[in-house]
Amino acid sequence: QVQLAESGGGSVEAGGSLRLSCAITGDASSIYHMAWFHQAPGKERDGVAVAALKSDGSTIYADSVKGRFTISQDNSKNTRTLVLQMNSLKPEDTAMYYCAADSRSSCGAFVVKGYNYWGQGTQVTVSS
């Protein structure tokens, strides 16, 4: 079992930055991929960034965030944390952001059903 808990959301003006964190507890060694998704009201949950934890650590980004967002791991302080650094934020980035983990080595970086663990989400609001 894996538990995920996001933090770091908030309200910023366009052009600002936020750093989201996802604390990972439980059997973290079982995780193949971790990702950040976002979901705006009335819209589907879409992938933002994914990191391959068990292979080469490669990352994939949605076209809309390339060059602005960075996904990384922070394993300091005896805790395992997934981080999403978000820079040059735009109003269209406004959404609930979710951390997700895949412990089944499912295919498809941004396929929602491929992730079997989810956090509760953290709200990001970007004003123009």
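Residue numbers count from 1 along this sequence.
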Search all heavy atoms of [X] against all heavy atoms of [Y] and return the closest pair with its distance.
{"X": "Tyr97", "Y": "Leu84", "value": "CD2-CD2, 4.3 Å"}
{"X": "Thr94", "Y": "Val126", "value": "OG1-N, 2.8 Å"}
{"X": "Ala51", "Y": "Thr59", "value": "CB-CG2, 4.1 Å"}
{"X": "Thr70", "Y": "Tyr61", "value": "CA-OH, 3.3 Å"}
{"X": "Leu82", "Y": "Trp36", "value": "CD2-NE1, 3.4 Å"}

If hydrophobic residues (ILVMFWY) are linked whenever their side-chain heavy atoms come closer than 4.5 Å, directly or via other members, who joins Val83 in its cluster?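 Besides Val83, the hydrophobic cluster comprises nothing; the residue is isolated.
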Is [Y] reachable from [X] through a run of I, L, V, M, F, W or Y residues, each pair having side-chain heavy atoms under 4.5 Å apart?
{"X": "Met86", "Y": "Val48", "value": "yes"}
{"X": "Val124", "Y": "Val65", "value": "yes"}
{"X": "Phe110", "Y": "Val112", "value": "yes"}

Can you give the donor-acceptor pairs under 3.5 Å from side chains of residues 9-22 to other protein atoms, not counting sequence neighbours?
{"unit_1": "Ser17", "atom_1": "OG", "unit_2": "Asn87", "atom_2": "OD1", "d": "2.9"}

What's the spacing between [X] [atom1] and [Y] [atom2] if we round to 0.5 Å?
{"X": "His38", "Y": "Tyr98", "atom1": "NE2", "atom2": "OH", "value": "11.5 Å"}
{"X": "Ser103", "Y": "Gln1", "atom1": "OG", "atom2": "CD", "value": "8.5 Å"}
{"X": "Ser127", "Y": "Leu89", "atom1": "OG", "atom2": "CG", "value": "10.5 Å"}
{"X": "Arg68", "Y": "Lys90", "atom1": "CZ", "atom2": "NZ", "value": "4.5 Å"}
{"X": "Leu4", "Y": "Gln120", "atom1": "CG", "atom2": "CD", "value": "9.0 Å"}
{"X": "Thr81", "Y": "Met34", "atom1": "OG1", "atom2": "CE", "value": "9.5 Å"}

If the condition is ring pair (Phe, Tyr, Trp, His ring centres under 6.0 Å), which residues does Phe37 pass it with, not counting sequence neighbours? Tyr115, Trp118
Does a side-chain heavy-atom distance below 4.5 Å link Phe69 with Asp93? yes
Using modelled atom types only, decide if a donor and an acceptor are shared between the side chain of Gln39 and the backbone of Glu44 within a distance under 3.5 Å.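 Absent.
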List the steps and the verdict of salt bridge (Lys or Arg N to Asp or Glu O under 4.0 Å) for Lys66 and Asp63. CA-CA 5 Å; Lys66 282 180 181 176; Asp63 288 342; 3.1 Å; yes
Can a cation-pi geometry be assigned to Arg104 and Tyr32, taking NZ or CZ under 6.0 Å from the six-membered ring centre and within 45° of the ring axis? no
Reference residue Arg80; test side chain to side chain contact (heavy atoms under 4.5 Å, CB included); the match among Asp74, Leu53, Thr25: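 Single pass found, and it is Leu53.
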